[in-house]
Amino acid sequence: MTQRITIDPITRLEGHGKIEIFLDDRGEVANTYFQIPELRGFERFCVGRPVEEMPLLTNRICGVCPEAHHMAAAKAADAVYHVDPPPTAKKLRELLYSAFYVTDHTTHFYALGGPDFVMGPDAPVAERNILGVIHKVGLEIGGKVIQARKAGHTVVEMIGGRKVHPCTSIPGGLTKGITEEQRKEIETMGRWAVEFAQFSLKLFNEIVLGNKAYVDLILGDVYTHQTYYMGTVDANNQVNFYDGQVRVVDPNGKEYVKYNPSEYAQHIAEHVEPWTYLKFPYLKNVGWKGFVDGPESGVYCAIPLSRLNAADGMATPLAQEEYERFYSTLGGKPVHQRLAIHWARLIELLYAAERWVELATDPEITSPNFHAIPTEKPTEGVGVVEAPRGTLTHHYTTDERGVLTKVNLIVGTTNNYAPISMSINKAASSFIKHGVVISEGVLNRVEMAFRAYDPCFGCATHSLPGKMPLEITIRDANGNTVDVLKQYC
Amino acid sequence: MTRNQEERIGVYVCHCGTNIAGVVDVAQVAEWAAAKLQHRGVVIAREYKFMCSSLGQELIEKDIKELDLNRVVVAACSPHLHEKTFRTACANAGLNPFMCEMVSIREQVSWVHTDKSAATSKAMAMVSGGVERVRHHVPLEPLTVPIHPATLVVGGGIAGIQSALEIADAGHQVYVVEREPSIGGHMAQFDKTFPTLDCSACILTPKMVSVGTHPNVKLLTWSQVEKVEGYVGNFSVTIRKKARKIKEDLCTGCGICQEKCPKKVIDDVYEAGLGYRKAVYTPFPQAVPKFPVMDVANCTYYEKGTCKACEKFCPTDAIDFDQQDEILNVQVGNIILATGYDLFDARRISNYGYGRLPNVFSSLEFERLSNAAGPTNGQVVLRDGKTIPKSVGIVHCVGSRDRNYNNYCSVICCMQSIKFAHLVHERTGATVYNFYIDIRAAFKDYDEFYQRILEEGTQFIRGKVAEISDVPRVASEEGKLIIQVEDTLAGKQRRIPVDMVILSSGLQPRADSKATAKVFGISCSANGWYIEKHPKLDPVATMTEGIFIAGCAQGPKDIPASVAQGAAAAARVLGKIEQKEVALEPVRASVIEDQCSGCRICNGLCPFNAISFLEDRMVTEINPALCQGCGTCVAACPAGAIVGTGFSNEQVMAQIEGLMLMNIEPAEVIA
Amino acid sequence: MTDAFEPTIIGFTCNWCSYRAADLAGTARIKYPANVRLVRLMCSGRLDPTFVFKALASGADGVMITGCHPGECHYLEQNYKALRRFQLMQRTLKGLGLESGRIKLLWASAAEGARFASEVAAFVEEIRALGPLHWGRADASEAVGAEVAEGPRLQEVSA
Amino acid sequence: MSENAKPKFAMYWAAACGGCEIAVLNTHEKILDVDATFEVVFWPVAMDAKYKDVEAMEDGSILLTLFNGGIRSDENEHIAKLLRRKSKLMVAFGSCANEGCIPGLANLSDSRELVHTAFNTITTDNPHEIYPMTSYDVPEGEIHIPTILPVLKTLAQVVDVDYFMPGCPPESHQIAAVIDLVIQAIQGKAQLPPKGSVIGAGSSTVCDECKRTRSVKSIKAFQRIWAIAAEPTVCLLEQGIPCNGPATRSGCDARCPAAGAQCIGCYGPADGVVDYGARLISSFASVIDSNDPVEIDRILDGLVDPTGQFYRFNLAGSLLRAAVPAWKKAKV
């Protein structure tokens, strides 16, 4: 007779999720099931739409990282029309994308993942949120956070037309460029963003690395998995968010494979379970061995940490310094401790800010040559970018009018579905022991396991979002319900 | 459009004797409405033998007063028949007439369906539709506009002349627009008219003169209507007065210029190509007005830059080579279209040889030949201009009653051909053969005329001419035109050699009749004749208020009929003028300015130019007087900023719901 | 269910031509099936596609749109606008999973009572053949899970 | 649950992308006003909270609930009904809740197809045709996932809605303005608009705010946005680019046209428009410059996806693809 705990839904992730924890009669964790409860069906209803609409339609898969879908869709559409956008177009897109990264990583660190550290996992629920953070670290810093998000969104709007769900990318480039005045403004904001990123790393040093309890938490075994790591790299094998080749390293940090985005289907497959609406991607040529880690299991993850593990370094100087400090502090590559993602994320934040400045000062950036009119017959194309939450793949097939006949999407968070499930299982097993009273704190520690991944199930459920009550039913060995805890949202 | 007070609706179901009651269970419909539509505001539902009778109307008026009804639905015949009747009834009872809605359960139900129960439930659905619709009715005031007393007559043929004179004589201003240099039309080209054989010119010219001199008539020849704006009572007409190159105020019509003009031009129009005119000319001696026109295309001065003979000799310096077209704008209240017909071009029937065989003549050519004032001074001779024919064939129905050309009967050809037969016989003594399909001599004295010609010895051969050729088979056919025909009375093929053939061409609509119809906003039948409002009961009006038609423009007819229709049109116009003002249906579109985004999608949609764009405020505006209420812009406005009275979205949507019985429990409906 | 199926058809008529054609069919006592219910508009140009969709959403199995013959529009050329809308409407309905045959455009002059009647009769049979309007793949019966969605209240549909 | 006297604020997402939450966060400083004025009792994306607290609340004790996301599953519907009960003011927030938004395009297919397509993509390893089941027996016991409704529904199709705030997402400056209005209303300094009003948007359409120059429209061919170098200052529709601006409610400052992209209609229909798509059909058709059926067809071929074009955001709210057409009630 088992006892069941349902954490439903998991809060402070973008989207929805539900965790089922089964305890055996000794009160030990028998198994955990991390379920994704909805499916929206983009792969189905995008069929029949003209491909140039995909950057607009797939935006709506996720309002947290619409820029990522916008870019992946735009690149896939370029590929469908066999058109190579002019350099200015590519640079503008990457500039938008870098600014977006600053905003997104800031949001996650300060609003979503941060509270666990800043406030501490056992802090009262009511304070474990961004407002709590602001109250603790002070309004002045809260102001900085807000300003950082604002700056990023301002750039997104300048180039993308809108703050959320940008609209300017079309096959062959963009519908508009930027003026010199805008460029100046963007540059100024960029330089400020670099400072902000450095400030955030400093804050992390003080609050987290300075706090032994947290460091133990990070380095402890609980949040550690030896999996494959995926990330996109440029010609020098340095991290790149917008373009490049996909590189995968094995649990020992050695390059396992490096391929062009268009070859993704030869390397990635998706496993199906009947108890969830989301699929589990894995490395096809390693194979699906279940929810286990190690070199024999095709399970991989695609997160800031994995991008750092999969690359040889960062393409910008300041970020490169942090990169080196990161690995020296955590004992060399690859780093398997999931909670280190938060640190890795801040390093990416710094890189994004630096890249922002580089592009904003590129002489070509204000050129009016931001669109190449497609001339080829549309056929098929794949577009890949590094979404903050993992490698994002859009794959389209169209008829001769450029109307979609087939759509396949492998979304950032989805890549991490298996590892997240594993982290949850591990965390649950170690925090829920016989006799341990189920407290908010414990549940939150379990949630921390995946919150570290910054999972976005708005994205993942491009297949389905929605929310359900968190319901913890505890039954005794005879199956009598002794307690029911309910939590909504 | 929102409803202000609570609806109190009366429903009245008419038996129309047995016309409706015979098929629809009117009692059931009324009971049903009273019971099932109560929650939709129906307070009373009655049935009555004849709702349109004075008693029926009183019934409604009484209920409106006593039951304080604010809306009325009458289920009876087509609104086109009795909408006015019941609106008046409402008005009599102090209710705004537009709070009444008619449901046509006679034309649309009892007369077209046989299954009683199906008919009855359809009637119920339609009543429910009417009820839902009327709930959204709002009081409307018809816009009344004054009728401008002046009238425009287009076309100076006999029909136009007649109507112009009638109206002018009644003391009202008339503008006559004629595109040729002179009025008179086809009739001016004829010599004799059937059946009386009196001289065409003799009876026509006096009328032409009185038009030309009438104080109330402004005659605009060598002119054309370019644009018509506005609506009944208030048309604004743009007319192009082509440059005559003659100063009308100075010209005395002495004719010296024509004498002195060195340039001879073949006269295709008036002389049907048989005679010549000068480059400056009046089409015929009795032309009205008397002023000549300069044929710029053929004038030596315009070709070579020298000559100016006319100018040199003109005693009054009336010649003006630099004269330009004039654009006139006139305001009129009504318009009469009498634009006449074109003659069927016999060339189209190649096996009749017209244009190829010199001695095959068109009917118009013969009119000129036989005309005392014509090129041969009335001498009937062959193309060579001297030989007098010994035998002549006259072919009826050329281009008429023929599915390859015009399937209709041109009405006048039989009598015209018979007239020709007489003239030929009289002028040449030649043997005359008439080839006919049927003889149609249907009006007063026509058949008598036919009999008389038979007595003159003209041979009538019943059969459609197959071919006219100049290829002889036997000696007797040498140098002749041979007419190949099946004599359907004798029942044999015949070849008849003659010296001359006259093709009695039929009439057809003006080549530009469809374009003209567009300018005036009326419609044409498939073959191009203007469509009258009602083929029997209103043959002179059109669907467009204030625009009337007369003469052959409406369909082939002879002179007396044209004159009669001209007079009839005039009478209708005078009637309107007497009314002084006309009430326009208050079915109109208007713009809610706050909601208009100035997208300008509607701007190109209005054929009546009622829609204009205000650049300063960046919004669209609709002129209610110009709006004809078609509602196209209402349907097109993407912002829903254009609303239409009488047929609002709310009204139509509600009616659809009603028709689908959306507001009633289904079980009780589909019974 | 199709054995007992009697289609319901909404017909939109132009005040100047087709509505009069219907009148004429009446005065001439020409019979046609009772399945069609007419709505009078001033002109086919007034036809807002919303009306057509409203009729279909309200239970009509077919919709007939009628107007003056090309070149004979009482308002000169508005029937051409109706024609354009019709062609675009058909394409859109197809995309929505409805058979394009469910809407029909008919030009009928005031003189064509007989033709009006026969065309109505023909259309009724065409719709009968198509069967009741089903909602393509979005039909509720095809749902995942047992639950059937409840329809929007009328006020919302017609609000 | 704290004894805070401040009015209670809740924000919830059903079948949503999260963009609405981000748009609210993008009001930046306004967030602090919200924090100052309201007790935020319930906001999944930003904070933890207890369902039992919400459930324990008196009916109508939450002053303002911003509900975003469409009704895709039975859970969505359940929560919508719960929050309706607990809230004084229920605002349909954002396109999904108002009209279904992009996920509403799912109503073109049945929900089973959505799942089947997703589980048969080229990368899916699914030889045994396994599909998610609403309840499934794992060794440890039975676990459940929610039922997907046959069609995606708008909020107003399941509960009574007080205000409608359109946009995908609603523009942040509009959100800020609405927050200000509500705060002022609480302080008695302002009046709330009548129930059922659309808030945070204009009453006209996008053209009203669009800076591009316009003249009388007449189109010989429709153009794909990528196929021409569009003139940057002239109305896109006049250039043949199918821009939904003319029919789309104003309030967004015409951002997309300003950025050279056509309006795709996220703010939905203007006041009094029953069916957004039907409006666009008649207005697009109206500007086609031809009376010849064949040529008209040729021109229309340029609109490769009319249904998607006209119902991109509006399908779930449309007459024909609303959740189970109303007529099902009228007919047996």
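When reading the values below, keep in mind they use all heavy atoms of this one structure, side chains included, and skip hydrogens, waters and symmetry mates. Letters A, B, ... mirror the listed sequences (proteins, then strands); counts begin at 1.
- Proximity to chain D involves both the backbone and the side chain of B/A639, based on heavy atoms less than 4.5 angstrom apart.
- Per-residue heavy-atom pair counts under 4.5 Å with chain B were compared for D/A285, D/S215, D/S203, and the maximum is reached by D/S215.
- For the side chain to side chain contact (heavy atoms under 4.5 Å, CB included) test with B/P638, the passing option among D/P269, D/C207, D/S283 is D/S283; the others fail.
- Taking 4.5 Å as the heavy-atom cut-off, the residues of residues 601-610 of chain B that approach chain D are B/I601, B/N603, B/G604, B/L605, ordered by number.
- Atom NZ of D/K220 has more than 12 neighbouring heavy atoms from other residues, nucleotides or ligands inside a 6.0 Å radius.
- Other residues, nucleotides and ligands contribute over 12 non-hydrogen atoms within 6.0 Å of the CD atom of D/Q184.
- Both the backbone and the side chain of D/S286 have a heavy atom closer than 4.5 Å to some heavy atom of chain B.
- Between the side chain of D/S282 and the backbone N or O of B/A635, at least one donor-acceptor pair lies under 3.5 Å.
- Annotation for D/R214 and B/R600: closest pair O-NH1, 3.3 Å, computed over non-hydrogen atoms.
- Here the closest heavy-atom approach between residue B/Q595 and residue D/S204 is recorded as O-OG, 2.8 Å.
- Of the residues considered (B/A641, B/G640, B/A636), B/A636 shows the highest number of contacts with chain D, using heavy-atom pairs under 4.5 Å.
- If you tally non-hydrogen atom pairs under 4.5 Å between each of D/V287, D/I281, D/D289, D/T248 and chain B, the highest count goes to D/V287.
- With rounding to the nearest 0.5 Å, the separation of OG in B/S597 from CD in D/E209 is 10.0 Å.
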